K.L.:
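The structure under discussion is supplied below as structure tokens; questions concerning it will follow.
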Amino acid sequence: MYKIEKIGKNHLYIKALGTFPPSIAENFIKDFEERTKEFKNFSVIVDGLDIILLNLKSFEIILEFLKRNNERLIRSAYIIAKNPVLNKEAQILFERAESPKRKIVKNLEEAKEWLGIRAVIVEKD
């Protein structure tokens, strides 16, 4: 599961949950592309504290997606520090996506600092 929220002019917050199977990864990419089609460039905070593990096929889907977005990406921060396995997966993913604009952080404060924003207001369901 995931939720995408706009938190600024061209800033997004993504909350990801669970195991992220390939069908969810593909739906996420379609949803993300729809929400960012009007943006010349964008920054993203990905809150992955509740992600369990990436399926290998999902990993490949997301890797190709990240590579396609390198030019439009300003910066992105990935909050996943509580999951050592996922941290390693993310490091490998970012190395293969070939962009220094992505960073693994430990919390929302570090993410805001990396993106250069002051506040994040997330709507509750």
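Just so you know, these numbers use all the heavy atoms, side chains as well, and skip hydrogens, waters and symmetry mates. Computed from a predicted model, the values in this text were never measured in an experiment.
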K.L.:
Evaluate the side chain to side chain contact (heavy atoms under 4.5 Å, CB included) criterion for residues Ile7 and Ile117: first the C-alpha distance (whole Å), next the side-chain angles of each, then the deciding distance (0.1 Å), finally the verdict.
P.N.:
CA-CA 10 Å; Ile7 57 171; Ile117 59 177; 4.0 Å; yes

K.L.:
Rounded to the nearest 0.5 Å, what's the gap from CD on Glu26 to CD1 on Ile62? Could you check?
P.N.:
10.5 Å

K.L.:
Measuring from Asn27:CG to Lys30:NZ, what's the distance to the nearest 0.5 Å?
P.N.:
6.0 Å

K.L.:
Take a 6.0 Å sphere around NZ of Lys67 and say whether it holds more than 12 heavy atoms from other residues, nucleotides or ligands.
P.N.:
yes

K.L.:
So, using ring-ring contact (aromatic ring centres under 6.0 Å, His included) as the criterion, who are the partners of Phe42 when residues are at least two apart?
P.N.:
Phe32

K.L.:
Go through the structure and list residues passing salt bridge (Lys or Arg N to Asp or Glu O under 4.0 Å) with Glu113, not counting sequence neighbours.
P.N.:
none

K.L.:
Of the options Val105, Ile14, Leu12, Ile79, which is the one that meets Ile45 in a side-chain contact (heavy atoms from CB on, under 4.5 Å)?
P.N.:
Ile79

K.L.:
I'd like to check the side chain to side chain contact (heavy atoms under 4.5 Å, CB included) partners of Arg35; sequence neighbours left out, ordered by chain and number.
P.N.:
Ile4, Asp31

K.L.:
Quick one, Asn70 with Arg102, criterion side chain to side chain contact (heavy atoms under 4.5 Å, CB included). Give me CA distance, side-chain angles, the key distance, then yes/no.
P.N.:
CA-CA 10 Å; Asn70 277 342; Arg102 295 181 178 91; 2.7 Å; yes

K.L.:
How long is the straight-line distance from NZ of Lys106 back to CG of Leu49, given to the nearest 0.5 Å?
P.N.:
13.0 Å

K.L.:
Roughly how far, to the nearest 0.5 Å, is the NZ atom of Lys3 from the CG atom of Asp47?
P.N.:
11.5 Å

K.L.:
With the 4.5 Å side-chain cut-off for hydrophobic clustering, are Ile51 and Met1 part of the same group?
P.N.:
no

K.L.:
Residues in salt bridge (Lys or Arg N to Asp or Glu O under 4.0 Å) with Glu33, at least two apart?
P.N.:
Arg68

K.L.:
Lys101: which residues meet the side chain to side chain contact (heavy atoms under 4.5 Å, CB included) condition with it, sequence neighbours left out?
P.N.:
Leu73, Ser99

K.L.:
Over all heavy atoms of both residues, which pair between Ile74 and Ser43 is shortest? Give the atoms and the distance, please.
P.N.:
CB-OG, 3.2 Å

K.L.:
State, to 0.1 Å, how close Leu17 and Lys15 come at their nearest heavy-atom pair, and which atoms those are.
P.N.:
CD2-CE, 3.7 Å

K.L.:
With heavy-atom distances below 4.5 Å as the criterion, would you say the side chains of Glu64 and Ile29 are in contact?
P.N.:
no

K.L.:
What pairs with Ile24 under side chain to side chain contact (heavy atoms under 4.5 Å, CB included), at least two apart in sequence or on another chain?
P.N.:
Tyr2, Phe20, Pro21

K.L.:
Rounded to the nearest 0.5 Å, what's the gap from NZ on Lys37 to CZ on Arg72? Could you check?
P.N.:
11.5 Å

K.L.:
What closest approach, in Å, do Val46 and Val44 show between heavy atoms, and which atom pair accounts for it?
P.N.:
CG2-CG1, 3.7 Å

K.L.:
Supply the atom-to-atom distance Leu66 CG to Ser76 OG, rounded to the nearest 0.5 angstrom.
P.N.:
7.5 Å

